[in-house]
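This report concerns only the one structure given below.
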Amino acid sequence: MAEVRTRYAPSPTGHLHIGGARTALFSYLWARKNGGSFIVRIEDTDVERNVEQAAEKQMDGLKWLGIDWDEGMEKGGPHAPYRSMERTDIYREYLEKLLKSGHAYPCYCTQEELERDREKQLAEGVAPKYVGRCRNLTPEQRAEREAEGRKPSIRFRVPQGRTIVIQDEVRGEVRFESDGIGDFIVARPDGRPTYNFAVVVDDALMEITHVVRGEEHLSNTPRQVLIYEALGFEAPVFAHASLILNPDGKKMSKRDESVIQFIDQYKELGYLPEAIVNFLALLGWAPEGDKAEEEIFSKEELVDLFSLNRVSKAPAVFDTGKLKWMNNHYIKQSSLERITALALPHLQKAGRVPKELTDEKREWVTRLVGLYQEQLDYVAQIVELSDMFFRTEVDYSDEAREVLAQEHVPEVAAAFISQIEQAEDLEPDTVKTLLKNVQKETGYKGKQLFMPVRAAVTGQTHGPDLRETISLLGADTVISRLQHYLTNRDAVISG
RNA sequence: GGCCCGUUGGUGAAGCGGUUAACACACCAGCCUUUCACGCUGGCAUGCAGGGGUUCGAAUCCCCUACGGGUCACCA
């Protein structure tokens with residue numbers, strides 16, 4: 001059996017989208033699973049829509065996700081170049097072949113004519129397709145139009161009465177009647193190929209064995225199969241994954257704000273690549289047997305388990321809650337050093353931490369991140385979660401006020417202040433001892449002791465470990481907050 | 001409109017002719033904890049869009065209907 005070769009062939013119109021990332025991942029996993037090759041190529045035949053640096057952005061996204069390729073952009077390989085617009089000579093050669101064999105013909109219709117045909121068909125309620133005006137032009141007629149200065153586009157001559165059968169690894173056999181397909185353009189007047197033609201030439205020449213892509217390409221597939229035939233190539237196996245839907249069950253549109261759509265945005269927010277890969281893999285795919293009961297898979301496990309025929313035919317809804325849960329899971333699994341390194345830029349950007357860090361401050365930040373690590377859905381959340389550490393005025397919650405209104409609280413606060421003043425340091429263990437002393441001194445313990453301290457110091461009735469929190473806040477801040485409560489108790493309580 | 005594709009709980013989903021219809025997220029309750037979170041335990045489906053078949057037996061096979069989606073570009 002021949003080597004499995006798959007590819008990801010985006011057009012350079014923007015950043016790597018979650019849909020594209022999933023397609024790339026599925027292709028990648030399938031190639032790796034079979035010990036084959038994964039190719040990344042850029043399909044930039046539509047010059048008008050190309051965006052500067054978009055190809056690089058696509059590749060950056062793939063690299064960040066850990067999806068590496070064996071051949072293609074940047075890497076080169078036996079089938080270079082891997083960018084359509086650098087392959088124009090190749091397309092020209094195959095275009096000649098189609099023209100010579102009669103599988104394609106020049107079409108001189110103007111945009112206006114085509115537009116008129118289309119409107120007429122729509123008005124009559126027929127399926128819009130090319131009327132065939134230029135299908136059987138005589139050489140003389142062609143010469144006539146050429147003389148008028150018309151530049152022809154090239155159309156593929158779709159055979160009539162054919163049934164085109166597609167082998168789809170996820171949908172099984174899918175049949176199309178060629179009569180429903182009009183002659184379509186394979187090359188523009190300036191000679192640039194259209195997508196349907198370029199992909200076929202590229203996939204065939206690059207010996208792609210499995211074309212994995214989104215469902216939106218399914219209807220295009222019969223056209224491509226026809227080109228494969230006309231050129232004498234063998235068609236690859238196709239695998240059309242269903243679309244990704246937003247949480248409302250609607251098709252995900254570019255301007256949909258309910259879902260973050262681009263990989264670099266996830267990176268920005270502090271999602272971990274392994275979480276995204278894990279999540280994307282499960283978006284429209286599930287492992288077989290017992291493994292279907294698990295959710296957490298490393299890239300290596302995915303390579304081992306992945307199979308195209310287990311890709312779902314039904315559209316996949318992007319479950320943002322699940323993604324958060326999964327990312328949180330991976331954050332908890334990660335080393336504190338890693339999460340701190342990711343969190344630092346966010347804290348600095350928010351002005352919470354200076355750009356230049358002393359070793360001492362670095363250590364402090366690490367402990368701060370450690371305090372919140374297990375509840376981070378994404379790393380950027382550290383800024384809002386740790387807000388309490390950086391404000392001068394404590395922001396009391398309603399629950400905190402209720403606690404602080406209790407009769408015995410001032411006594412506890414005062415006792416704690418004097419304990420801190422006498423203490424040599426404020427390490428977590430010391431804080432523990434100090435609170436114990438307050439307990440002995442005042443007789444209050446448990447919630448009677450801890451809640452008042454937490455409420456006065458943090459303004460909240462819940463939060464991460466109190467000892468560590470107090471230790472990180474430092475003696476000055478803790479004392480001043482307690483003092484503030486004691487001197488402004490009425491104002492604090494009434495809000 | 002033609003042609004394709006899909007439809008299991010609040011959500012993601014497993015299931016491929018015979019199961020008490022997995023598992024996970026979310027949610028609720030309990031335990032743990034100075035609080036929250038984590039973790040652990042337990043709970044959570046008027047039966048698989050609706051209707052017809054085929055079969056001893058269907059979520060699983062066939063047909064129809066409804067709903068959702070894709071595509072019919074000199075976009076990919």
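In what follows, chains carry the letters A, B, and so on, assigned in the order in which the sequence lines appear, proteins first and then strands, with residues in each chain numbered from 1.
- Between A:Tyr195 and A:His217, the ring-plane angle classifies as tilted under the 30° and 60° cut-offs.
- With a 4.5 Å cut-off on side-chain heavy atoms, A:Ile339 and A:Tyr372 do not count as touching.
- When the P atom is compared between B:A22 and B:A14, the two are found 15 Å apart, to the nearest whole Å.
- Using a 4.0 Å heavy-atom distance criterion, A:Ala198 is classed as making no nucleic acid contact.
- If you check every strand for non-hydrogen atoms under 4.0 Å, A:Glu295 touches a base.
- B:G2 and B:C62: their C1' atoms are spaced 24 Å apart (whole Å).
- Base pairing of B:A24: its partner is B:U11, meeting the Watson-Crick or G-U wobble criterion (both donor-acceptor distances under 3.5 Å).
- At a threshold of 4.0 angstrom between heavy atoms, the contacts of A:Arg310 include nucleobase atoms, whether or not backbone atoms are also involved.
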query = Just by protein heavy atoms under 4.0 Å, how would nucleotides 25-35 of chain B read 5' to 3' in B, S and -?
reply = S--------BB
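- The residue A:His217 sits close to a base: some heavy atom pair falls under 4.0 Å.
- B:G18: Watson-Crick or G-U partner is B:C56, with both key distances under 3.5 Å.
- Applying the Watson-Crick and G-U wobble criteria (two distances, each under 3.5 Å), B:A29 pairs with B:U41.
- Where A:Gly284 and A:Gln375 each meet RNA chain B at their nearest nucleotide, the meeting point lying more 5' is that of A:Gly284.
- Between A:Lys313 and A:Ala292, it is A:Lys313 whose nearest contact on RNA chain B lies nearer the 5' terminus.
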request  = Please step through side chain to side chain contact (heavy atoms under 4.5 Å, CB included) for the pair A:Glu295 and A:Leu282, ending with a clear verdict.
outcome  = CA-CA 8 Å; A:Glu295 309 280 329; A:Leu282 260 18; 4.2 Å; yes
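- Within 4.0 Å of A:Pro128, counting heavy atoms only, lies at least one base atom of the nucleic acid.
- Residue-level contact check: A:Ser219 touches the bases, meaning some heavy atom is under 4.0 Å from a base atom.
- Rounded to a whole angstrom, the distance from the P atom of B:A13 to that of B:U7 is 10 Å.
- Centroid-to-centroid, the aromatic rings of A:Tyr266 and A:Phe279 stay 6.0 Å apart or farther.
- Nucleotide B:G6 forms a pair with B:C67, judged by Watson-Crick or G-U wobble geometry with both contacts under 3.5 Å.
- Separating the C1' atom of B:G12 from that of B:A26 is a span of 11 Å, rounded to the nearest Å.
- Between the side chain of A:Glu294 and the backbone N or O of A:Lys291 there is no donor-acceptor pair closer than 3.5 Å.
- Nucleic acid contact for A:Phe176: sugar-phosphate only, since backbone atoms but no base atoms lie under 4.0 Å from a heavy atom of the residue.
- A donor-acceptor pair under 3.5 Å links the side-chain atoms of A:Arg157 to the main chain of A:Arg135, judged by distance alone.
- Looking at heavy-atom distances under 4.0 Å, A:Lys332 makes contact with sugar-phosphate atoms alone, never a base.
- Within 4.0 Å (heavy atoms only), A:Pro189 reaches at least one base atom of the nucleic acid.
- B:A29 sits 31 Å from B:C48 when the P atoms are compared, rounded to a whole Å.
- Taking atom P in both B:A59 and B:G52, the straight-line distance is 14 Å, to the nearest Å.
- Close placement of the A:Phe306 and A:Trp285 rings is indicated, their centers lying within 6.0 Å of each other.
- When the P atom is compared between B:C64 and B:C5, the two are found 12 Å apart, to the nearest whole Å.
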Name each donor-acceptor pair under 3.5 Å that joins a side chain in residues 440-456 of chain A to protein atoms two or more places apart or in another chain, with its distance.
unit_1	atom_1	unit_2	atom_2	d
A:Glu441	OE1	A:Gln419	NE2	3.4
A:Thr442	OG1	A:Val438	O	2.8
A:Thr442	OG1	A:Tyr444	N	3.2
A:Arg454	NH1	A:Pro464	O	3.2
A:Arg454	NH2	A:Pro464	O	3.0

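- A distance of about 15 Å separates the P atoms of B:C25 and B:G43, rounded to the whole Å.
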